[in-house]
Structure formats: structure tokens, C-alpha cells
Amino acid sequence: MIGNTLRRYNDTQIYLGPDFESTGLNLAESLPWDLAFSRFTNKQILSVDQYYIRWPNLVMSEDAARVTRFDRARYEREARDPKEVL
């Protein structure tokens, strides 16, 4: 079959899909406060992990908090040191 060596036909290939949430859209000044990633194959999700990144005096605008569903209480409770997460 033509193309049967393509990755889309390999059901055992594992992929990693990362996603960051940040305090804003300015990449020079915004801090990432949430890192989530999924490990998956073409057929199934293997794992989903989420980590909150603790920054001292994190400033979050109301709009950014609403759009990213930022929960300050959960962030304070679960956030970890940036070196540990990244």
C-alpha cells in the first residue's frame, strides 16, 4: 500500500501535545502559569497532566482570568516552583 509507512498509519507512535496558559498575549512580558500536556497515540489518550507554575506576585487581568478560567485559590494551593515544573 502506498504510504503505509506514514505516521498516521502507525498506531503505536506516541505523541506529546503541550499547552500553556499565560497571563496575557504579550510573549515578552506574560508569564506562563499553567502547563498541561497529553500523551497519546492515533487510537487513544495515554495520559493527561497539568501543572501550575508558581510565580511570586503573579498579576492576572480580569479578562485573562476569565478567558483562561484562572482560579486563584486553586493556583495558590497547587502551584509548584518553575524549575520543578519546567
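The model shown is predicted, which means the values in this text are computed figures rather than measured ones. Keep in mind that the numbers below use all heavy atoms, side chains included, and drop hydrogens, waters and symmetry copies. Numbers here are sequence positions counted from 1.
Contact check for Thr41 versus Asp11: no side-chain heavy atoms found under the 4.5 Å cut-off. With a 4.5 Å cut-off on side-chain heavy atoms, Arg69 and Glu21 do not count as touching. When side chains are defined from C-beta on, Thr23 counts as touching Leu58, because their heavy atoms get closer than 4.5 Å. Residues Asp34 and Ile53 are not in side-chain contact: their nearest non-hydrogen atoms beyond the backbone lie 4.5 Å or more apart. A 4.5 Å side-chain heavy-atom check between Met60 and Arg72 finds at least one atom pair inside the cut-off.
Between Tyr75 and Tyr52, the ring planes are perpendicular. Angles over 60° get that label, and only those under 30° would be called parallel.
Contacts classified as salt bridge (charged side-chain N to carboxylate O under 4.0 Å, His left out) and involving residues 22-33 (residues at least two apart or in different chains) are not found.
Closest of all the heavy-atom pairs between Leu16 and Pro18 is O-CD, 3.4 Å. When every heavy atom of Thr68 is checked against every heavy atom of Ser22, the shortest pair comes out as CG2-O, 4.2 Å. Minimum interatomic distance between Arg54 and Glu76 (heavy atoms only, all atoms of both residues): NH2-O, 2.9 Å. Here the closest non-hydrogen pair linking Trp55 and Pro82 is CZ3-CG, 3.6 Å.
Here Gln13 contributes atom CD and Leu6 contributes atom CG; the two are 12.0 Å apart, rounded to the nearest 0.5 Å.
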Worksheet item: Under the side chain to side chain contact (heavy atoms under 4.5 Å, CB included) criterion, do Trp33 and Phe20 qualify, and how do the steps go?
Response: CA-CA 7 Å; Trp33 60 269; Phe20 282 95; over 6 Å; no

Fill in: side chain to side chain donor-acceptor pair (under 3.5 Å) between Thr12 and Asn10, intermediate numbers included
CA-CA 6 Å; Thr12 60; Asn10 183 351; 2.7 Å; yes

Practice prompt. Walk me through it: do Asn42 and Tyr15 pass the test side chain to side chain contact (heavy atoms under 4.5 Å, CB included)?
Written response: CA-CA 9 Å; Asn42 287 339; Tyr15 299 96; 3.8 Å; yes

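No single ILVMFWY cluster, assembled from side-chain heavy atoms under 4.5 Å apart, contains both Tyr51 and Phe40. No continuous path of ILVMFWY side-chain contacts below 4.5 Å connects Leu31 to Val59, so the two sit in separate hydrophobic clusters.
Between Glu62 and Arg66, none of the side-chain N atoms (NZ, or NE/NH1/NH2) sits under 4.0 Å from a carboxylate O, so this pair counts as no salt bridge.
Atom CG of Leu86 has more than 12 heavy atoms from other residues, nucleotides or ligands within 6.0 Å.
Under the salt bridge (Lys or Arg N to Asp or Glu O under 4.0 Å) criterion, Arg39 pairs with no residue, sequence neighbours left out.
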